[in-house]
2 protein chains.
Amino acid sequence: MALEHAILVSLRERAASGSDLTRRFDASIGYFWTATHQQIYRVLGRMEVDGWITAEVVPQADRPAKKVYAVTDAGRAELRRWIAEPTTPDPVRSTLGVKMRGASYGDRAALLDDLRTQLDEHTKRLSLYEFLAARDFPDPDVLDDADLDIYLVLRGGLLMEEFWIRWLTEYLAAHTRTDRTDRTDCTDRTHAKELPR
Amino acid sequence: MALEHAILVSLRERAASGSDLTRRFDASIGYFWTATHQQIYRVLGRMEVDGWITAEVVPQADRPAKKVYAVTDAGRAELRRWIAEPTTPDPVRSTLGVKMRGASYGDRAALLDDLRTQLDEHTKRLSLYEFLAARDFPDPDVLDDADLDIYLVLRGGLLMEEFWIRWLTEYLAAHTRTDRTDRTDCTDRTHAKELPR
DNA sequence: ATTCTCATGTAAGAAGTTACATGATTAA
DNA sequence: TTAATCATGTAACTTCTTACATGAGAAT
């Protein structure tokens, strides 16, 4: 489980409350890890029990008090241990991949509409990341290591959006070429032979 | 949940047993969805109860008997319904992203070694996908819709590997340029100001 | 007074992971 | 006869998701 460790990284960058972290997971951390506030509060509780973080209640002028968490020595040691550990690949889960592959067994036109919507979202998100990169990292060559890492992970988010745009564009193009619009659809292959794939 | 639907797609392509499906999820379906045999058997049981699939016991010459599953009309209807449904984005979970961002708080040299191993894996996997594409789809323009979809999802796996190779290469290059090897490391930013990121 | 947002949670259930179990057939 | 492999599962546990809950202050 890496949510604990994503939180440790974020808290080492700067101490934060549960709702601060929730906002970060909706923004920059969200390029590579998503989590809801429910998950975050539960894990924060467990991490405090385990002694990886400590809480300090901070009253605020015009708002309810916050519990601001900071990483303990034990938490730092755990983060260090985890980063050095060999990484096993994350499981792949692409709903759109499943739908693309199964399109013959459903309403292809509806799927293509959906894919166009997704393409639009990814295009907007790419623009946002490009804007953020230009605004916050105008000169990547002069960054110290910690800021360079933040920049390079933003670059990862950006490259990921480019991947989606490429894939969706290629799929849409292949299925909207006029010379193939009336090929047979919805073929039943239940008893077909296994192909060497 | 999309595992049910990934199984429906696979069974519509060709009827299969639990272990057949396990092999498919280790191979082509694995480009975009992973599942273990334990998950698959449990979900198959549920799908049979729900009437989406039916099982037929098939004795084999030199092996224990198989239970071969096929999709029912109800299963086809469900798959059709699900494909037309608007897709919500899959949650993003990149362990390597977390580690890259947190590298300053651990052993960067160990992480870079890990990343080189990952890069190697992705490079091999890209080669495999390129081989499969060339062998099984020498002429993509003449495919019918169902085969075109299989090809385009393989293309997606291929583009995904290219994404990983780009990201990892960029990260490794940025952190192995000799003119920045002795910048400060392991900066404590616990009390730093929030940046507009 | 009531509504709204903020900050913090709880509870129930679905899904996924890890470890172990069973019967059959085949190979040594 | 013992070990190995194949096909099919169970059980226990962890994690994630979805829906709901509470109290404090702010706005109307």
Side-chain angles (χ1 to χ4, degrees), chain A residues 1-7 11 15-26 29-30 33-50 53-69 82 87-95 98, chain B residues 1-8 11 15-26 29-30 32-50 52-69 78 82 87-95 98:
Chain A
M1 231 290 278
L3 178 54
E4 279 96 335
H5 299 99
I7 289 175
L11 289 180
S17 69
S19 56
D20 293 335
L21 285 169
T22 302
R23 278 185 289 274
R24 293 186 197 172
F25 276 84
D26 279 338
I29 310 282
W33 205 273
T34 52
T36 61
H37 75 108
Q38 293 91 333
Q39 265 181 286
I40 291 167
Y41 281 112
R42 186 157 25 79
V43 171
L44 282 173
R46 187 166 67 218
M47 291 169 75
E48 195 180 0
V49 169
D50 291 346
I53 56 177
T54 49
E56 186 194 359
V57 176
V58 176
Q60 297 185 106
D62 54 348
R63 304 252 167 113
K66 289 177 166 191
K67 280 171 75 175
V68 174
Y69 292 95
W82 177 78
T87 309
T88 54
D90 296 304
V92 183
R93 299 260 151 77
S94 169
T95 300
V98 179
Chain B
M1 231 290 279
L3 177 54
E4 279 95 336
H5 299 98
I7 289 175
L8 285 174
L11 290 180
S17 69
S19 57
D20 294 334
L21 285 169
T22 302
R23 277 185 289 273
R24 293 186 197 173
F25 276 85
D26 279 340
I29 310 282
F32 54 94
W33 204 275
T34 52
T36 61
H37 76 107
Q38 294 92 333
Q39 265 182 287
I40 290 167
Y41 282 111
R42 187 153 28 79
V43 170
L44 282 173
R46 187 166 68 219
M47 291 169 75
E48 195 180 0
V49 169
D50 292 345
W52 294 2
I53 57 177
T54 49
E56 186 194 358
V57 175
V58 176
Q60 297 185 108
D62 53 347
R63 304 251 168 115
K66 289 178 166 191
K67 280 172 76 176
V68 174
Y69 293 94
E78 168 57 25
W82 178 77
T87 311
T88 53
D90 296 303
V92 183
R93 299 261 153 76
S94 169
T95 300
V98 179

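Values below: every heavy atom of this structure, side chains too, minus hydrogens, waters and symmetry copies. Fair warning: this is a prediction, and the values are worked out from it, not measured in the lab.
- One interatomic measurement links the two molecules: CD of B:Gln39 to P of D:dT14, which rounds to 18 Å at whole-angstrom precision.
- Look at CE on A:Met47: it is 13 Å from P on D:dT15, rounded to the nearest Å.
- Taking the salt bridge (charged side-chain N to carboxylate O under 4.0 Å, His left out) definition, one finds that B:Arg42 meets it with nothing, sequence neighbours left out.
- Side chain of A:Thr34 to main chain of A:Gly30: no donor-acceptor pair is present (N/O by atom type, distance under 3.5 Å, no hydrogens or angles).
- Protein atom CZ of B:Arg93 is 12 Å distant from nucleotide atom P of D:dT15, rounded to whole Å.
- Residue A:Asp50 contributes atom CG, which lies 12 Å from atom P of D:dT14 at whole-angstrom precision.
- Residues passing the salt bridge (charged side-chain N to carboxylate O under 4.0 Å, His left out) test with A:Lys66 are A:Asp20, sequence neighbours excluded.
- Taking the side chain to side chain donor-acceptor pair (under 3.5 Å) definition, one finds that B:Thr87 meets it with A:Lys99, A:Asp114, sequence neighbours left out.
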Below 3.5 Å is the cut-off: list the nitrogen or oxygen pairs between protein and nucleotides 5-11 of chain D, distance only.
{"unit_1": "D:dA7", "atom_1": "OP2", "unit_2": "B:Arg23", "atom_2": "NH1", "d": "3.2"}
{"unit_1": "D:dT8", "atom_1": "OP1", "unit_2": "B:Lys67", "atom_2": "N", "d": "2.7"}
{"unit_1": "D:dT8", "atom_1": "OP2", "unit_2": "B:Ser19", "atom_2": "N", "d": "3.0"}
{"unit_1": "D:dT8", "atom_1": "OP2", "unit_2": "B:Ser19", "atom_2": "OG", "d": "3.1"}
{"unit_1": "D:dT8", "atom_1": "OP2", "unit_2": "B:Tyr41", "atom_2": "OH", "d": "2.9"}
{"unit_1": "D:dT8", "atom_1": "O5'", "unit_2": "B:Tyr41", "atom_2": "OH", "d": "3.4"}

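- Note: CD1 (A:Ile7) to C1' (D:dC16) measures 14 Å, nearest angstrom.
- Residues passing the side chain to side chain donor-acceptor pair (under 3.5 Å) test with B:Thr36, sequence neighbours excluded: B:Gln38.
- We find that CZ of A:Arg24 is positioned 16 Å from C1' of C:dA7, with the value rounded to whole Å.
- Scanning for side chain to side chain donor-acceptor pair (under 3.5 Å) contacts around B:Asp26 gives an empty result, with sequence neighbours left out.
- Distance A:His5 NE2 to D:dT15 C1': 15 Å, rounded to the nearest Å.
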